[in-house]
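Here is the structure we will look at, set down as C-alpha cells.
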2 protein chains.
Amino acid sequence: MQTDIHNNGLKRKKKGRSTIPIRERILVAAGDLFHKQGIRGVGVEAIAEAAQTNKMTLYRYFASKDELITEWVRGIVAHKEEDWKDLNARHRGDPQGQLQDWSRRMAAKLRAMEERGSALGNAFAELPDPNHPARHVMKEHKLREHKRVVRLCKSAGFPDPAFSADLFSMLLEGAHSCGTCVGMRQIGEHLVQVVDLMVENNRQPAAR
Amino acid sequence: MQTDIHNNGLKRKKKGRSTIPIRERILVAAGDLFHKQGIRGVGVEAIAEAAQTNKMTLYRYFASKDELITEWVRGIVAHKEEDWKDLNARHRGDPQGQLQDWSRRMAAKLRAMEERGSALGNAFAELPDPNHPARHVMKEHKLREHKRVVRLCKSAGFPDPAFSADLFSMLLEGAHSCGTCVGMRQIGEHLVQVVDLMVENNRQPAAR
DNA sequence: CTAAAATGTTACCGACCGGTAACATAGGGG
DNA sequence: CCCCTATGTTACCGGTCGGTAACATTTTAG
C-alpha cells in the first residue's frame, strides 16, 4: 500500500467535485449516456457536462470520441472477463457449476435492465464501420467467451461441446432481445431453467 | 390484366430510370443503406441518390426521415408476418412442421447475412427514443410473433408452452448476434438441429 | 397541343457536432 | 513564496444533416 501523504494513489481533484478521478468520471458518464441515448445520439459536450467537467478536459484524456467509445467498450469487456475469472475461482474444476452460476448472474442482470438491451449488442449495431477499433475489441471478446464456453462444455462432458456451446451462446445472447417483449423476469427464469436442465442431464437438450 | 397503352398499373417514370415506382425505390435504397451503414449513419441525400432521385422528391413521399424509417420498419415487419402466413399455409394443422420450417428459413437467412446482424435488432438499438413510432411497430410485431410461437407450442403439445416458446425465441434472436463470432453457417446448422430435436421429442430440451 | 401534375435542380437555413486554440484560473509542491 | 501543472472558459472552425423554398423541367392526361 502507498502512503496517503501526497495523494492516495488516484489523483485527487478540485473543490466540490467528486473524489473520483476525472478520466473515470468521464468513462462512467459516457457509458450511462451511450447506453441510454445511443452512442451516436449523445455529444461529447453532454458527456463532459455529465462528468462534471468540460469538453476541453475530456479531449485531454481522450484523443477523440471514437477513442472514448473504444475505451468504454474495453471497460465493459474487461469487467465481463473479470466475471469469468471470478466464476472460475468460485467453481474450480466444476464446469457445470460455472455454467449454472453464469446463467443466474445473467438473469440477475436482465432483471435489473428493463428496456434498452445489451450495451455491447447496441454498440455493435451502432458502429457499422468494420474497422472501428471498438468492434475489434468486441469481436475478440466474443470469440474468447465462446471458446471458453466450448472448453467448459468439453470438460463438463457434453457429448457435442461445439453444439452445446452454441446453444448456450444463442440462449444468452437471445435473452437480451427477447426480454423487451416477453419481460426480463420470465426470460431470466426460463434461461436459468434450461441451463440447469442441460447441465444436470449433462447432455444436449432433447437428446433422447 | 390492364392494358399497357397509358401505363402498366405502376406509374412509369422518367428516362433511363427504373420502372419501379419512386416510393418503393426509396424504401429499398433506404433499407440497404440503413442496414449497411446504420440508420443514423446515412443521410437522406445519400438515400435519394441511391434511389436514383433527389432529396426534394423524397420529402414529397415521406414527411421526415423518421417517417421513412418507420415505413421501412413497417415493411420488414409486414414481410415477416407474410412469412408466418405462408408457413401456416404450407403446414396446416402441423405446428411442429411450422416450427421446423421456421428454423430452416432462419438458417438460410443467416447464411446469406455475414456480418452486420438483424435489421430489426439494429434498428432497435439505433432508436433509443422510447416514443419513436418505429419502436412501437417493432415491439408490437415481436409481441405478436411471440404469442404465435406460444400458440404453436401449445398446439404442438409441449408440456410447458410458455417455457418452450421462450426457448425458441431466445435461440432465434440469439442466432443473429452469435453468428458474428461463431460463423453464421455453424450457428444456423445448430439452430436447425436443436429445433428438430425439441420438436421431434415433443418436449422441452433435456427433459428427462 | 395544352394544361396540370410530378419530378428535378439549386440554393439555402438553422442546428448540431467533433475538435482546437488561446487564455484564464486554481492548486500543489519545492 | 513562486512556478508548474491540471483544469476551466470561451470562442471559434469546418462539416454535416434534416428540412424547405423557388423555380425549371419533364411527364402525363384530356
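Small disclaimer: the values here were computed from a predicted structure and weren't measured.
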B:R60 atom CZ is separated from D:dC23 atom P, nearest whole Å, by 14 Å
Rounded to whole Å, CD1 of B:I22 lies from P of D:dT26 at a distance of 15 Å
Query raised in the report: Counting just side-chain N and O atoms, does A:S64 come under 4.0 Å of either OP1 or OP2 of C:dG18?
Result: no
Between A:E145 and A:K80, does any NZ, NE, NH1 or NH2 come within less than 4.0 Å of an OD or OE carboxylate oxygen?
no
Practice prompt. Go through the side-chain N and O atoms of B:S169 and B:D166 and say whether any donor and acceptor fall under 3.5 Å apart.
Written response: no
**Message:** Just by distance, no angles: are the side chains of B:N122 and B:H35 close enough, under 3.5 Å, to form a donor-acceptor pair?
**Reply:** no
* Asked: Got a donor-acceptor pair under 3.5 Å from the side chain of A:K65 to the base of C:dG19?
  -> no
Side-chain N,O (B:T57) to OP1/OP2 (C:dA6) below 4.0 Å
no
Per nearest nucleotide of DNA chain D, the residue lying toward the 5' end, A:N54 or B:K55, is A:N54
To the nearest angstrom, the CG-C1' distance between A:L58 and C:dC17 comes to 13 Å
When rounded to whole Å, the CZ to P distance for the pair B:R40 and D:dG18 reads 11 Å
- Item | Parallel, tilted or perpendicular: ring planes of B:F158 versus B:F168, cut at 30 and 60 degrees | perpendicular
B:M56 CE to D:dA24 P, in whole Å, measures 16 Å
A:E49 atom CD is separated from C:dC16 atom P, nearest whole Å, by 14 Å
Here the distance between atom P of C:dG19 and atom CD of A:E67, to the nearest Å, is 10 Å
B:Y59 OH to C:dT7 P, in whole Å, measures 17 Å
Among the nucleotides C:dT7, C:dG19, D:dG8, whichever has the atom closest to the side chain of B:Y61 is C:dT7
